[in-house]
Visitor: 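Would you mind keeping the following structure in view while I ask a few things?
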Amino acid sequence: MNAKKQAAKSGKPGKRAGPVEASRLTRDDWLDAAFRAVVEGGFDKARVLMIADALGVTRGSFYWHFTDHAELISALLARWVARELALDKQLRAEATSDPRADLERLLEAALAHGGPDLENIRFELALRGLGRRDPAVAQMLVEVDEARMGLFAQKFQRLTGDPKKASELAALFYLAIVGSNQALSRPVNPPQVSEYLMGIISTYLIHQQAPAPASPAQRRSGPKAA
């Protein structure tokens with residue numbers, strides 16, 4: 001048995017949990033609670049004692065799963081990145097014969113990703129605030145942003161057939177999603193605001209960007225000889 005579990009079995013009041021208390025909470029339970037703490041009050045609220053109080057256990061249960069607070073935050077960020085990259089991979093693989101429909105599905109998924117209580121938006125806003133102070137977190141966010149931009153550019157490339165235009169539209173698409181998420185996070189919004197935002201993004205950044213169809217005369221003449 002390692003030192004962490006031996007300490008947890010010691011039963012010292014206020015410092016170590018007994019095996020029953022420790023075993024009823026998983027590592028993911030602690031990470032979920034830390035996520036909720038960040039959503040509710042930023043990373044300053046993701047402290048071991050505060051999370052333990054929210055879970056109704058002593059800090060000993062925490063030390064059953066983590067060495068210290070730094071390991072908790074590192075694991076929380078690593079799990080967030082893994083889930084974001086997995087979602088990007090899933091959306092990249094979802095392709096039909098209609099690139100417009102694929103982009104609309106991507107837009108819908110991006111706006112829905114905030115969650116019913118906007119928890120994912122609020123977590124990411126807190127994370128980006130942390131990234132302004134922590135170079136390692138900033139680099140991690142660069143990785144996530146690059147993956148998202150690559151996904152968007154791939155989808156727009158299928159729509160436009162123009163790599164440069166696809167890259168530029170991907171940037172505008174991402175900015176539109178970020179702005180929409182900010183708008184949706186307001187305490188009070190007009191009715192159907194999400195549908196309105198999706199409609200204007202879809203109209204201007206998706207439906208107006210496909211190459212113009214060839215005219216009947218162009219189709220009859222075919223390509224010119226060199």
Side-chain angles (χ1 to χ4, degrees), residues 1-88 90 110-148 177-178 180-189:
M1 182 180 295
N2 62 34
K4 187 189 298 184
K5 292 188 177 180
Q6 286 177 337
K9 282 183 173 291
S10 67
K12 293 179 182 178
K15 293 186 178 181
R16 293 291 183 265
V20 174
E21 181 188 58
S23 64
R24 75 181 179 88
L25 288 176
T26 67
R27 183 179 174 90
D28 271 335
D29 288 331
W30 278 94
L31 293 174
D32 289 343
F35 179 89
R36 290 192 297 272
V38 172
V39 167
E40 291 167 7
F43 279 87
D44 288 341
K45 297 296 183 182
R47 301 190 180 279
V48 176
L49 183 56
M50 297 174 71
I51 297 170
D53 287 344
L55 289 170
V57 298
T58 68
R59 282 177 293 177
S61 176
F62 169 83
Y63 292 109
W64 188 267
H65 300 290
F66 301 94
T67 301
D68 54 23
H69 177 262
E71 185 185 351
L72 171 71
I73 298 302
S74 178
L76 179 63
L77 300 189
R79 188 179 73 162
W80 180 81
V81 170
R83 290 180 174 180
E84 292 300 311
L85 295 181
L87 177 59
D88 286 352
Q90 174 191 329
L111 295 186
H113 184 49
D117 297 318
L118 307 174
E119 61 271 14
N120 291 318
I121 295 173
R122 291 159 67 185
F123 181 87
E124 186 164 335
L125 287 173
L127 184 56
R128 291 189 181 276
L130 181 63
R132 288 192 287 271
R133 308 188 300 272
D134 188 323
V137 174
Q139 182 56 45
M140 179 195 73
L141 288 167
V142 167
E143 177 187 359
V144 171
D145 286 339
E146 287 179 346
R148 290 172 177 173
I177 289 169
V178 171
S180 295
N181 283 337
Q182 291 276 9
L184 292 171
S185 67
R186 292 180 302 202
V188 178
N189 273 310

Visitor: Quick one: side chain to side chain donor-acceptor pair (under 3.5 Å) partners of Glu146, sequence neighbours excluded?
Guide: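 Applying side chain to side chain donor-acceptor pair (under 3.5 Å) to Glu146 gives none.
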
Visitor: Please round to the nearest 0.5 Å and tell me the distance separating atom CG of Asp29 and atom OG1 of Thr26.
Guide: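 Asp29 atom CG to Thr26 atom OG1 measures 3.5 Å (nearest 0.5 Å).
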
Visitor: Work out which heavy atom in Glu119 is nearest to a heavy atom in Val39; give both atom names and the distance.
Guide: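 Where Glu119 meets Val39 most closely, the heavy atoms are O-CG2, 3.4 Å.
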
Visitor: With Arg148, which residues qualify under side chain to side chain donor-acceptor pair (under 3.5 Å), at least two apart?
Guide: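 Side chain to side chain donor-acceptor pair (under 3.5 Å) list for Arg148, sorted by chain: Glu84, Glu124, Tyr174.
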
Visitor: Which heavy atom in Ala126 sits nearest to a heavy atom in Val38, and how many Å separate them?
Guide: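 Here Ala126 and Val38 meet closest at CB-CG1, 3.7 Å.
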
Visitor: Please determine whether side chain to side chain contact (heavy atoms under 4.5 Å, CB included) holds for the pair Ile177 and His113, giving the CA-CA distance in whole Å, both sets of side-chain angles, and the decisive distance to 0.1 Å.
Guide: CA-CA 11 Å; Ile177 289 169; His113 184 49; over 6 Å; no

Visitor: For Ala34 and Leu76, work out which heavy atoms get closest and say how close.
Guide: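 Closest approach of Ala34 to Leu76: CB-CD2, 4.1 Å.
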
Visitor: Quick one: pull up CG in Leu127 and CE in Met140 and give me the separation to the nearest 0.5 Å.
Guide: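 CE of Met140 is found 4.0 Å from CG of Leu127.
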
Visitor: Look up atom CD1 in Ile51 and atom OG in Ser61, then write down how far apart they are to the nearest 0.5 Å.
Guide: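 Atom-to-atom, Ile51:CD1 and Ser61:OG are 11.5 Å apart.
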
Visitor: Do any N or O atoms from the side chain of Arg59 and from the backbone of Leu49 form a donor-acceptor pair under 3.5 angstrom?
Guide: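 A pair under 3.5 Å: no.
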
Visitor: Which heavy-atom pair separates Gly114 from Ile121 by the least distance, and what is that distance?
Guide: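 Taking every non-hydrogen atom into account, CA-CG1, 3.6 Å.
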
Visitor: Would you say Asp28's side chain and Leu31's backbone share a donor-acceptor pair under 3.5 angstrom?
Guide: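 Checking the backbone N and O of Leu31 against the side chain of Asp28, no donor-acceptor pair under 3.5 Å is found.
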
Visitor: Before you tell me yes or no, could you show the steps for Leu25 and Trp64 under side chain to side chain contact (heavy atoms under 4.5 Å, CB included), namely the whole-Å CA-CA distance, both residues' side-chain angles and the distance that decides it to 0.1 Å?
Guide: CA-CA 9 Å; Leu25 288 176; Trp64 188 267; over 6 Å; no

Visitor: Evaluate side chain to side chain contact (heavy atoms under 4.5 Å, CB included) for Leu72 paired with Phe62, printing each intermediate quantity in order.
Guide: CA-CA 9 Å; Leu72 171 71; Phe62 169 83; 3.8 Å; yes

Visitor: Just say parallel, tilted or perpendicular for the rings of Phe35 and Phe123, cut-offs at 30° and 60°.
Guide: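 Correct class here is parallel.
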
Visitor: Measure the CG-CZ distance between Leu130 and Arg128 for me, rounded to the nearest 0.5 Å.
Guide: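 Taking CG in Leu130 and CZ in Arg128, the distance rounds to 12.0 Å.
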
Visitor: For Ala46 and Ala37, work out which heavy atoms get closest and say how close.
Guide: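 Shortest heavy-atom contact: CA-CB, 4.0 Å.
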
Visitor: When rounded to the nearest 0.5 angstrom, what distance separates CG in Leu111 from OG in Ser180?
Guide: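 One finds 5.5 Å between CG of Leu111 and OG of Ser180.
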
Visitor: Grab the two heavy atoms, one from Arg133 and one from Gly129, that are nearest each other, plus how far apart they are.
Guide: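 Looking at all heavy atoms of both residues, the shortest contact is NH1-O, 3.4 Å.
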
Visitor: Atom CG in Asp134, atom CZ in Phe43: separation rounded to 0.5 Å?
Guide: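 Answer rounded to 0.5 Å: 9.5 Å.
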
Visitor: Applying side-chain hydrogen bond (donor to acceptor under 3.5 Å, both in side chains), which residue pairs with at least one partner in residues 31-55 are found, sequence neighbours left out?
Guide: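 Non-adjacent pairs meeting side-chain hydrogen bond (donor to acceptor under 3.5 Å, both in side chains): Asp32-Arg79.
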
